[in-house]
Amino acid sequence: MGGVTSSMAAKLAFFPPNPPSYKLLKEDATGLLLLEPFPHRENVEILKLPTRRGNEIVAMYVRHPMAKSTILYSHGNAADVGQMYELFVELSIHLRVNLMGYDYSGYGQSTGKPSEHNTYADIEAAYKCLEENYGAKQEDIILYGQSVGSGPTSDLAARLPRLRAVVLHSPILSGLRVMYPVKRTYWFDIYKNIDKIPLVKCPVLIIHGTADEVVDCSHGKQLWELCQEKYEPLWLKGGSHCNLELYPEYIRHLRKFISTVEKSPSQRQNLWRGMDRVEQSRRSTDCFDAPRKSTDQRDKPRKSTDRMEKLKHHEFKFNNGEKYDKVRMSFDQMERSRKSVEYLDKSRRSIDVQFERARKSIDWRDRIRAG
């Protein structure tokens with residue numbers, strides 16, 4: 001029965017690009033694997049990795065000469081490594097990190113079929129490669145999960161106590177909760193992040209768009225509340241499910257987060273104490289405006305008399321685009337006004353309609369540089 005349910009869930013949850021956005025070629029002279037149509041880069045390696053479930057997945061590793069951290073990136077539902085290629089390269093450059101991205105079983109040129117348990121085996125194979133092939137240590141690895149990728153990311157993070165950090169980008173509470181506002185976890189649900197994120201011991205950054213039409217922003221906010229070691233979240237005002245990388249605040253906040261988690265333990269302890277004091281008095285829920293020409297202006301607080309709109313803008317100021325001077329936000333107030341209403345008002349759309357709107361192939365390089 002469980003296998004049948006898992007199979008049905010897989011059909012609803014996974015939409016690998018068809019046809020794949022790339023071809024896998026082997027260079028005769030060198031034996032190097034190449035991703036067509038992308039030119040060979042000296043700092044990019046294409047790999048085929050065996051998994052414990054008998055599949056072979058395609059992965060790419062981007063090396064940065066100044067990297068102190070390595071990101072293991074689990075992409076979203078309707079994407080493959082070909083569509084993510086330019087973004088992976090740009091993230092490595094802008095964040096000064098090594099980065100490994102991979103395709104799930106049944107995605108791109110990876111063998112097998114997509115399933116929840118296959119994705120768990122897939123991320124384990126990629127993590128093992130980082131340790132054995134590139135000498136990465138658990139303490140230097142940042143797991144990054146986007147949308148459906150938050151599932152394998154949370155699962156692995158809950159089992160690795162010494163990770164440097166975790167980033168959840170438009171994450172889901174669970175597969176079933178994307179469709180229905182259920183209050184408990186059922187045995188047939190998939191990607192039960194709501195039960196796993198409290199087990200993660202490292203700093204967690206959550207990024208979510210407030211206008212996400214596929215996975216409601218309440219998923220990210222509830223996961224943030226459940227984190228052991230919370231980091232200042234990024235709620236991008238007006239951001240949808242597939243465009244958060246276009247916001248200048250996205251790369252700026254990621255860079256700030258990585259710089260923080262790369263600090264020495266004593267420095268980080270002092271920072272966490274300061275952040276804990278802020279959380280106790282006013283829970284941080286940064287809601288940034290849509291992309292604009294200048295982000296160096298102070299936002300003006302807005303008044304709201306609508307009980308459903310009691311999310312007040314905080315005042316903030318960027319110093320060289322990196323540091324916040326003030327944060328004014330009442331997360332508790334927002335939770336009281338939005339609790340239970342968002343779930344009940346959310347239309348019960350079919351997940352196949354929702355996920356078909358997921359990531360499309362776009363020119364990542366030009367858009368992220370616009371940030």
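Numbers here are sequence positions counted from 1. What you are looking at is a predicted structure, and each value in this text was computed from that prediction instead of being measured.
Below 30°, between 30° and 60°, or above 60°: for His208 and Trp235 the angle between ring planes is between 30° and 60°, a tilted geometry. Using the six-membered ring where Trp is involved, Tyr104 and Tyr102 have ring planes that are perpendicular, over 60° apart on the 30 and 60° scheme.
Taking each heavy atom of Asn193 and Ile172 in turn, the nearest pair found is ND2-O, 2.8 Å. The two atoms that bring Gly106 and Pro114 nearest to each other are CA-CD, 4.0 Å, heavy atoms only. The two atoms that bring Cys202 and Glu229 nearest to each other are O-CB, 3.7 Å, heavy atoms only.
Under the 4.5 Å side-chain criterion, counting only non-hydrogen atoms from C-beta, Thr153 is in contact with Ile123. Side-chain contact check for Tyr61 versus Leu130: some heavy-atom pair is nearer than 4.5 Å. By the 4.5 Å heavy-atom criterion applied to side chains, Glu245 and His169 are counted as neighbours. Within the 4.5 Å cutoff, the side chain of Val97 has no heavy atoms near those of the Leu91 side chain. With contacts defined as side-chain heavy-atom distances shorter than 4.5 Å, the pair Tyr22/Val58 qualifies. Side-chain contact check for Arg63 versus Tyr134: some heavy-atom pair is nearer than 4.5 Å. Side-chain contact between Asn43 and Val62: present, with at least one pair of heavy atoms (C-beta onward) separated by less than 4.5 Å.
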Kindly determine whether Ile46 and Phe38 satisfy side chain to side chain contact (heavy atoms under 4.5 Å, CB included), including the steps that lead there. CA-CA 11 Å; Ile46 308 302; Phe38 304 101; over 6 Å; no

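Between Glu124 and Arg159 there is a salt bridge, since a side-chain N of the basic residue sits under 4.0 Å from a carboxylate O of the acidic one. A salt bridge links Arg41 to Glu86: one of the charged nitrogens lies within less than 4.0 Å of a carboxylate oxygen.
Using modelled atom types and a 3.5 Å distance limit, the side chains of Ser21 and Asp80 yield a donor-acceptor pair. Under 3.5 Å, the side chains of Tyr191 and Thr119 contain a donor-acceptor pair of N or O atoms. Residues Thr70 and Arg164 bring no donor and acceptor atom of their side chains to less than 3.5 Å of each other.
Interatomic distance, OG of Ser92 versus CG of Leu87, reported as 11.0 Å (0.5 Å rounding). Note: Lys196 NZ to Asp155 CG = 3.5 Å, rounded to the nearest 0.5 Å. In this structure, the separation between OH on Tyr186 and NZ on Lys192 is 13.0 Å, given to the nearest 0.5 Å. The distance from the CG atom of Leu72 to the CG atom of Leu99 is 8.0 Å, given to the nearest 0.5 Å.
No donor-acceptor pair closer than 3.5 Å links the side chain of Ser154 to the backbone N or O of Gly151.
For the side chain to side chain contact (heavy atoms under 4.5 Å, CB included) with Leu176, the qualifying choice from Asp189, Ile190, Thr185 is Asp189, the only one to do so. A side-chain hydrogen bond (donor to acceptor under 3.5 Å, both in side chains) with Tyr107 is found for one member of Asp122, Asn77, Asn118, Asn18 and no other, namely Asn77.
When the shell of 6.0 Å around CZ of Arg96 is examined, it contains 12 or fewer heavy atoms from other residues, nucleotides or ligands.
Cluster annotation: Leu199 is not connected to Leu160 through the hydrophobic network of ILVMFWY side chains, with a link wherever side-chain heavy atoms come within less than 4.5 Å.
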